[in-house]
Amino acid sequence: MDLWFLELRRLAWLCIVLTLSGLVFGAPGVGLALGLGIYLTLHLRQLHALHRWLTRMPQSEPPSASGIWGAIFDRLHTHQKAQAKTQQRLRNTLQRIQDSSEAMSDSVVMLDRRGDLEWWNSSAEAMLGLRPPQDRGQHITNLIRDPRFVDYFDRRAYREPLTLTSPIDDRRVLQFQLTLYGDDERLLMARDITRLHRLEQMRRDFVANVSHELRTPLTVLSGYLETYADHAELMPPRLARSLGQMQDQTARMQNLVDDLLMLSRLEIDQPNPHRERVSLPPLLDTIRRDALALSDGRHRVSIAVESDRALLGDPKELRSAISNLTFNAVRYSGEGCQIVLRWRDHPAGAALEVEDDGEGIDPVHIPRLTERFYRVDKGRSTETGGTGLGLAIVKHVLLRHDARLEIASYPGQGALFRCVFPTQRLTEDQAALA
Ligand code: ADP
């Protein structure tokens with residue numbers, strides 16, 4: 001039977017019995033009041049028991065009661081047990097997450113919305129020098145003060161990791177990666193990449209040293225070959241022909257060594273090249289003349305300056321990058337092709353474009369074009385004097401100027417190489433304003 005019905009029946013019986021008893025004594029009202037009073041007292045007792053139980057929860061068993069109060073206590077007890085189970089499960093999960101983070105050799109630091117430290121594993125103590133408990137609640141940039149980290153933290157664009165020396169040991173190199181999660185909280189991971197960094201440095205130094213060492217013997221060799229070539233008419237024709245080939249191959253090796261040295265320098269130097277004001281019109285004019293000399297009258301090269309802004313960067317590096325793109329356009333587009341060097345405004349800042357209407361490139365090759373020694377057609381590249389390093393150099397120069405390279409091309413429809421420079425790399429071109 002419904003509990004509420006039983007409860008109402010109980011109340012009704014109590015009232016009827018006590019009202020009738022009151023009637024016997026000529027005071028039914030007093031009887032009814034007594035009945036209601038008894039009923040209220042019973043409920044107050046149960047309420048008191050409930051209150052006592054709730055304050056002692058969750059340790060104690062619920063008070064024993066029948067009727068509606070028994071059902072209420074049972075419900076609450078079941079609910080409370082389920083909640084305790086969920087809490088235990090969550091606690092276990094959290095403990096497991098903390099245990100696994102604790103076992104990691106990488107540093108894991110949980111930051112709240114403001115960037116204050118909430119929790120970290122013991123690797124973070126060893127790697128970043130965090131001290132429990134006094135650092136809890138401190139802002140992360142009070143503990144890792146390097147301006148590059150502060151800048152990285154504030155930027156909120158955490159796609160790329162940041163490499164820095166450890167804040168407590170400058171012989172160690174760490175890679176920091178921030179991730180946004182949950183309610184705008186951040187997770188900081190730091191990994192010790194000292195070994196990898198050393199290997200990478202050894203590789204760069206090795207390439208730079210080998211290239212450097214090769215330079216002198218090559219210069220001597222090409223000097224002798226040139227001298228012999230001056231007297232080629234005195235030699236048997238077969239020897240004279242091989243002399244020509246030896247000169248070509250030596251020139252190729254010299255180009256290769258020069259490009260390798262250039263790449264090593266770009267990699268080894270500090271990431272930010274010095275910021276000189278570079279006016280584009282004279283630079284493009286010089287490159288145009290060099291390109292015309294290389295083309296030997298087989299191409300038309302024009303310049304379109306549509307922006308009055310100048311670049312802030314390293315003039316030598318910029319010249320090398322734009323020359324590489326322009327010479328590629330000459331070398332990979334056929335006779336009679338048109339090449340345009342364009343400097344124009346762009347939504348992200350400004351863009352330098354080198355466009356040709358030559359043979360173009362199949363889009364499948366485009367993502368790999370800036371890899372070292374990647375060539376679409378090896379024979380063609382070698383034949384035209386390519387080292388396979390030109391676009392790798394372009395990519396590095398642009399990276400050092402906070403710029404990016406975009407390539408658009410289809411076979412038979414020419415190629416467009418666009419270098420997009422951000423606003424912070426631009427300034428007014430005073431030469432253009434004058
Ligand atoms: P390479 O020394 O071989 O020219 P790069 O790194 O400069 O090396 O260029 C990589 C490859 O990209 C080239 O081998 C060539 O196939 C292709 N390429 C570059 N520029 C152009 C262009 N303007 N038109 C067609 N193909 C190009």
Side-chain angles (χ1 to χ4, degrees), residues 207 211 214 218 248-267 284 287-288 290-304 316-344 351-401 403-420:
V207 174
S211 314
L214 280 174
L218 275 174
D248 288 348
Q249 294 304 322
T250 317
R252 241 191 91 202
M253 273 164 75
Q254 273 176 322
N255 286 341
L256 198 63
V257 165
D258 286 346
D259 277 0
L260 277 173
L261 272 173
M262 171 88 182
L263 252 182
S264 304
R265 202 175 55 69
L266 290 173
E267 281 184 331
L284 294 185
I287 294 173
R288 177 177 171 268
D290 293 345
L292 284 173
L294 179 71
S295 152
D296 204 14
R298 288 176 302 121
H299 302 81
R300 282 165 296 143
V301 185
S302 60
I303 298 177
K316 270 202 206 130
E317 288 183 15
L318 289 168
R319 177 174 172 170
S320 159
I322 305 170
S323 297
N324 269 317
L325 294 177
T326 314
F327 298 164
N328 273 352
V330 171
R331 293 193 284 121
Y332 296 107
S333 59
E335 193 158 349
C337 283
Q338 166 86 36
I339 297 163
V340 184
L341 310 183
R342 189 178 300 109
W343 174 236
R344 66 171 182 86
L352 183 284
E353 295 176 349
V354 177
E355 190 173 11
D356 66 66
D357 56 0
E359 64 189 42
I361 312 158
D362 191 321
V364 293
H365 297 292
I366 290 180
R368 299 195 56 192
L369 278 190
T370 54
E371 284 174 22
R372 281 154 213 231
F373 300 114
Y374 186 85
R375 284 125 160 173
V376 174
D377 176 348
K378 191 157 184 355
R380 175 86 198 272
S381 162
T382 315
E383 189 186 297
T384 55
T387 60
L389 295 172
L391 291 180
I393 291 177
V394 173
K395 186 178 110 180
H396 268 86
V397 169
L398 294 186
L399 260 179
R400 286 160 57 78
H401 286 79
R404 63 171 195 271
L405 179 66
E406 294 174 355
I407 307 172
S409 180
Y410 282 96
Q413 294 182 19
L416 171 67
F417 289 78
R418 179 184 298 128
C419 315
V420 182

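Order of listing sets the numbers, starting from 1, for every ligand and every atom in it.
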* To do: Mind checking the CD1-CG spacing from Ile393 to Leu266? Nearest 0.5 Å is all I need.
  => 7.0 Å
* Asked: By number and element, which atoms of ligand 1 are closer than 4.0 Å to a non-hydrogen atom of Arg375?
  -> 3 (O), 14 (O)
* Salt bridge check: are Glu267 and Arg372 linked by an N-O gap of less than 4.0 Å? -> yes
* Proximal ligand 1 atoms for Gly388, defined as those under 4.0 Å from one of its heavy atoms -> 1 (P), 2 (O), 3 (O), 6 (O), 8 (O)
* **ligand 1 contact on Asn324 by region, counting heavy-atom pairs under 4.0 Å** => neither
* Structure fact -> At under 4.0 Å between heavy atoms, what of Arg331 touches ligand 1? The answer is side chain
* **Check ion pair Glu335-Arg298 (N to O, under 4.0 angstrom)** => no
* To do: Between Phe417 and ligand 1, find which residue part has any heavy-atom pair under 4.0 Å and reply side chain, backbone, both or neither.
  => side chain
* Measure Val376 to ligand 1 on non-hydrogen atoms and call it side chain, backbone, both or neither using the 4.0 Å cut-off. => both
* Asked: Ala329 near ligand 1, heavy-atom distance under 4.0 Å?
  -> yes
* Asked: Between the side chains of Gln338 and Ser302, does any donor sit under 3.5 Å from an acceptor?
  -> yes
* List the steps and the verdict of side-chain hydrogen bond (donor to acceptor under 3.5 Å, both in side chains) for Arg252 and Asn255. => CA-CA 5 Å; Arg252 241 191 91 202; Asn255 286 341; over 6 Å; no
* **ligand 1 atoms in contact with Gly390 (distance to a heavy atom under 4.0 Å)** => 5 (P), 6 (O), 7 (O)
